[in-house]
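We're numbering straight along the sequence, starting at 1. Keep in mind it's a predicted model, so treat the numbers as computed, not measured.
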Amino acid sequence: MRSEAQITHAPPATHPLDPLSAEEIGAVASIVRRDRALAASIRFVSVSLAEPPKSVLLDGGSDANPTRAASVVLYDRATSTTVEAVVSLTRDAVESWRELSGVQPGIMLEEFFAAEDLTRADPRWQEAVRRRGVTDFSLAMLDPWATGFSEDTAPGRRLVRPLTFIRSGPDDNGYARPVEGLLVVVDLDRMEVVDVQDHGVVPLPAQSGNYMPELMTRPGNRPAFTELRGDVLPLEITQPEGPSFTVDGREVRWQKWRLRVGFSPREGLVLHTVGYEDRGRLRSVIHRASMSEMYIPYGDPAPTHRFKNVFDEGEYGIGFLLNPLELGCDCLGEIRYFDAVVNDADGRPVTIPNAICLHEEDTGVAWKHTDFRTEKTEVRRSRRLVVSCFATVGNYEYGFFWYLYTDATIEFEVKLTGVISTGAVADGERPGHGTLVAPNLYGPHHQHFFNVRLDMAVDGQRNSVYEVDSAPSPIGPGNETGNAWHTRKTLLARESDSGRLIDPFAARYWTIVNPEVYGATGEPVAYKLVPGENTVPMAGEGTQAWNRGGFAYKHLWVTAYDETQRFAAGDYPNQNKGGTDGLPVYVQADRPIESADVVVWYTFCAHHVVRPEDWPVMPTTRIGFHLKPVGFFDGNPALDLPPSTPACHSARDGDTGGGEGNGKVHR
């Protein structure tokens with residue numbers, strides 16, 4: 001799959017915003033052990049770059065040579081204590097140490113594997129599995145889910161709930177045979193199974209759900225095809241002169257864009273200092289862009305599913321779960337890869353090779369016009385720079401894609417694929433809160449919420465946010481025919497004004513304006529946030545979703561910049577009952593946000609009513625939003641694109657197809 005000539009790796013850290021290297025993570029762990037004499041019960045949850053204060057970066061940039069430091073989260077199993085530490089690599093010392101009680105940090109990978117082993121060895125679980133006709137326990141596949149919150153899961157006990165699935169072999173799709181009604185609770189501090197509940201035997205679904213070609217012929221498998229397609233001819237992406245982007249360390253330059261590619265173990269991919277060169281001047285757009293939380297509540301009240309309301313970022317850490325990417329599979333063309341370095345629970349560095357992919361894509365027509373009187377045509381093709389990664393979170397895969405376009409548009413897109421979380425029903429039954437995807441097998445209703453934190457800097461750090469609606473103008477003088485309509489702008493002056501909902505009937509969008517910089521038409525320069533597909537949680541007031549995922553009930557929030565406020569659901573959502581941290585709490589300060597250093601938070605949702613076509617592996621679903629310039633430029637910023645060399649694909653004999661684009665002519 002991989003052509004080494006097309007792969008380049010980034011050099012080591014040279015800038016204050018570069019993620020920690022493997023050597024730095026190892027050094028951080030050594031400093032902590034030396035200065036604090038850690039007990040064996042203390043584990044390293046995460047080690048990440050302590051980013052320099054924004055004021056330092058803005059005043060001096062890389063020349064300011066700020067202190068190189070790490071933020072460390074540790075957990076002591078013996079005392080159920082979470083520790084936040086700051087370690088200075090520059091000064092070779094632990095600079096701060098803060099112990100927290102009553103919170104649970106994210107679950108570590110070693111805890112996932114331990115929960116699986118503990119469950120498989122438990123006699124109560126074994127007896128429940130035997131009641132389903134399974135005696136080979138090695139065939140059991142266990143997915144440890146975060147437990148959510150209830151009175152028996154309050155902070156002080158560190159718990160997970162493994163769900164059981166049965167495979168027929170090592171590569172079998174275990175999600176085809178869920179053990180419905182079997183609930184297990186594992187205490188990760190004591191490393192013991194504390195509860196096993198069996199709500200009644202539902203027979204295991206008989207049909208396999210394999211998707212790998214070599215397994216499709218196994219007995220009991222009903223494939224959606226009988227053989228692989230033979231008419232998928234090669235489609236090659238070639239750039240004989242190389243890519244149009246350049247990379248210096250983690251700084252990327254492409255067309256007129258400049259940005260830095262960052263990473264953190266919790267957020268995964270981060271973009272820093274996104275700016276656009278306009279007539280020789282670099283104009284800032286975003287200081288920092290990251291995904292602040294993922295929240296997935298399920299809408300099925302059955303015992304095996306009703307506790308499912310997971311915060312994949314805050315409870316697990318997306319950066320830990322990134323995939324090593326494959327050329328020709330995940331990315332096409334001339335690729336620049338960036339490795340990601342995380343830590344294990346002992347504080348040792350773990351490198352995920354090729355975790356972040358950088359490449360460019362053709363995206364069709366950028367602009368075109370034909371003068372029908374002269375028959376002269378001008379057309380330009382659009383490109384976009386793609387910065388992307390993929391994470392596997394249990395059954396699901398999530399792709400995170402930042403796109404920068406030649407017309408100065410920015411797009412963020414999440415691609416959802418993988419395997420649905422499944423449940424089983426008895427013969428003759430149909431699920432009340434899900435969709436049957438195969439005999440006796442269903443996918444529960446659920447939702448995927450994503451919140452993106454945008455530390456905006458539109459032509460500078462002092463921005464204001466307006467909500468813009470379109471509305472019909474009253475019939476009367478000046479609008480006698482009643483066809484007129486206008487836009488209505490509402491300033492979000494204080495944090496209490498935020499917490500806004502989309503309104504497609506008003507074509508609602510939001511503009512982030514610099515009120516101190518004016519464009520050629522006399523209006524302040526701006527970028528607008530254009531929503532895509534969206535909704536709100538289906539669970540009402542008083543539910544776990546309402547209490548713990550309150551940020552998801554509003555689509556747009558605006559806060560005054562605070563470097564300690566990074567996550568929409570707060571710092572520690574694991575087993576947290578909610579209401580004490582996160583966006584709904586941040587805005588209670590009601591700080592002024594007019595002509596201020598503002599952070600825009602946008603929440604969007606993939607509302608998943610499962611289809612049979614989502615089984616056995618789900619076709620990719622795409623959701624996201626756009627940021628588009630409004631008065632930021634004097635005109636079309638893509639006007640200076642050069643014309644393409646005239647060429648086309650014409651249809652072969654007997655073929656009625658064709659297509660736009662450069663390439664060979666077939667006669």
Side-chain angles (χ1 to χ4, degrees), residues 109 112-122 125-145 160-184 198 201-228 304-305 308 321 323-324 326 329 390-398 416-427 431 434-444 446 610-620:
L109 288 176
F112 278 107
F113 297 124
E116 185 171 359
D117 292 340
L118 289 166
T119 301
R120 188 176 282 109
D122 186 84
W125 174 88
Q126 292 178 354
E127 180 57 32
V129 172
R130 285 193 192 96
R131 286 195 287 270
R132 275 81 175 174
V134 178
T135 56
D136 184 352
F137 303 138
S138 69
L139 297 175
M141 182 180 83
L142 291 123
D143 279 8
W145 282 66
V160 291
R161 295 181 186 266
L163 294 180
T164 305
F165 305 85
I166 303 300
R167 284 177 157 156
S168 62
D171 293 322
D172 189 52
N173 180 5
Y175 298 109
R177 298 184 184 88
V179 180
E180 188 67 31
L182 179 57
L183 288 174
V184 179
D198 191 345
V201 174
V202 176
L204 297 175
Q207 194 175 98
S208 297
N210 291 310
Y211 46 85
M212 291 185 283
E214 62 270 24
L215 300 180
M216 296 302 295
T217 57
R218 284 190 174 181
N221 202 80
R222 190 186 69 178
F225 62 90
T226 55
E227 59 183 22
L228 296 176
T304 325
H305 309 286
K308 295 179 180 176
L321 305 176
N323 296 171
E326 294 271 352
C329 300
F390 258 95
T392 297
V393 188
N395 51 297
Y396 261 103
E397 264 74 27
Y398 297 96
L416 300 90
T417 181
V419 182
I420 59 173
S421 185
T422 53
V425 292
D427 288 340
T435 303
L436 208 63
V437 296
N440 305 106
L441 185 74
Y442 77 100
H446 61 284
V610 175
R611 308 171 298 149
E613 290 84 354
D614 292 331
W615 181 254
V617 64
M618 177 178 148
T620 298

With Asp143 via salt bridge (charged side-chain N to carboxylate O under 4.0 Å, His left out) - residues at least two apart: none

Check: Leu436 and Val425 side chains under 4.5 Å, non-hydrogen atoms: yes

Sidechain-backbone polar pair: Thr435 side chain, Val610 backbone, donor-acceptor under 3.5 Å: yes

Spatial distance of atom OH (Tyr175) from atom OG1 (Thr422) [nearest 0.5 Å]: 8.0 Å

Spacing of CG belonging to Leu182 relative to CZ belonging to Arg161, to within rounding of 0.5 Å: 12.0 Å

Member of Leu183, Asn395, Thr119 meeting the side-chain contact (heavy atoms from CB on, under 4.5 Å) criterion with Leu163: Leu183

Trace of the side chain to side chain contact (heavy atoms under 4.5 Å, CB included) decision for Glu180 with Arg132: CA-CA 10 Å; Glu180 188 67 31; Arg132 275 81 175 174; 5.9 Å; no

Side chain to side chain contact (heavy atoms under 4.5 Å, CB included) evaluation trace for Asp171 with Met212: CA-CA 9 Å; Asp171 293 322; Met212 291 185 283; 3.4 Å; yes

Side chain to side chain, Leu142 and Phe165, heavy atoms closer than 4.5 Å: no

Atom pair CZ (Phe390) and CG (Leu321), whose distance is rounded to the nearest 0.5 Å: 14.0 Å

Polar side chain donor-acceptor pair, Thr392 to Glu397, under 3.5 angstrom: yes

Test ring-ring contact (aromatic ring centres under 6.0 Å, His included) applied to Phe113 - qualifying residues, sequence neighbours left out: none

Any residue meeting salt bridge (charged side-chain N to carboxylate O under 4.0 Å, His left out) with Glu116, in chain and number order, not counting sequence neighbours: Arg120

Atom pair CD1/OH of Ile420 and Tyr442 - distance to nearest 0.5 Å: 10.5 Å

Heavy-atom closest contact (Ala438 atom, Gln207 atom, distance): CB-OE1, 3.9 Å

Flag side-chain contact, heavy atom, 4.5 Å: Pro178 against Pro205: yes

Salt bridge (charged side-chain N to carboxylate O under 4.0 Å, His left out) involving Arg167 - partner list, sequence neighbours excluded: none

Minimum heavy-atom distance Thr304-Gly181, with the two atoms named: OG1-N, 2.8 Å

side-chain hydrogen bond (donor to acceptor under 3.5 Å, both in side chains) partners of Asp614, counting only residues at least two apart: His608, Arg611

Least distance between heavy atoms, Pro144 atom then Phe112 atom: O-CE2, 3.1 Å

Nearest non-hydrogen partners of Ala424 and Pro203, listed with the distance: CB-O, 4.3 Å

Counterpart residues, side-chain contact (heavy atoms from CB on, under 4.5 Å), relative to Asp427 (two or more places apart): Asn440

Full working for side chain to side chain contact (heavy atoms under 4.5 Å, CB included) between Leu215 and Asp172: CA-CA 8 Å; Leu215 300 180; Asp172 189 52; 5.6 Å; no

For Thr135, side-chain contact (heavy atoms from CB on, under 4.5 Å) partners two or more places apart: none

Which residues share a side-chain contact (heavy atoms from CB on, under 4.5 Å) with Ile166, sequence neighbours left out: Val129, Val134, Leu139, Ala140, Thr164, Arg177, Val179, Leu204

Any residue meeting salt bridge (charged side-chain N to carboxylate O under 4.0 Å, His left out) with Arg131, in chain and number order, not counting sequence neighbours: Glu127, Asp198

Step-by-step side chain to side chain contact (heavy atoms under 4.5 Å, CB included) determination, Trp145 to His305: CA-CA 10 Å; Trp145 282 66; His305 309 286; over 6 Å; no

Non-neighbouring partners of Ala176 that pass side-chain contact (heavy atoms from CB on, under 4.5 Å), sequence neighbours left out: Trp615

From Thr620 atom OG1 to Leu416 atom CG, the distance as rounded to the nearest 0.5 Å: 8.5 Å

side-chain hydrogen bond (donor to acceptor under 3.5 Å, both in side chains) partners of Asp117, counting only residues at least two apart: none

For Tyr396, all residues meeting ring-ring contact (aromatic ring centres under 6.0 Å, His included), sequence neighbours excluded: Tyr398, His446, His448

Test item: side-chain donor near acceptor, Ser208 and Asn173, under 3.5 Å: no

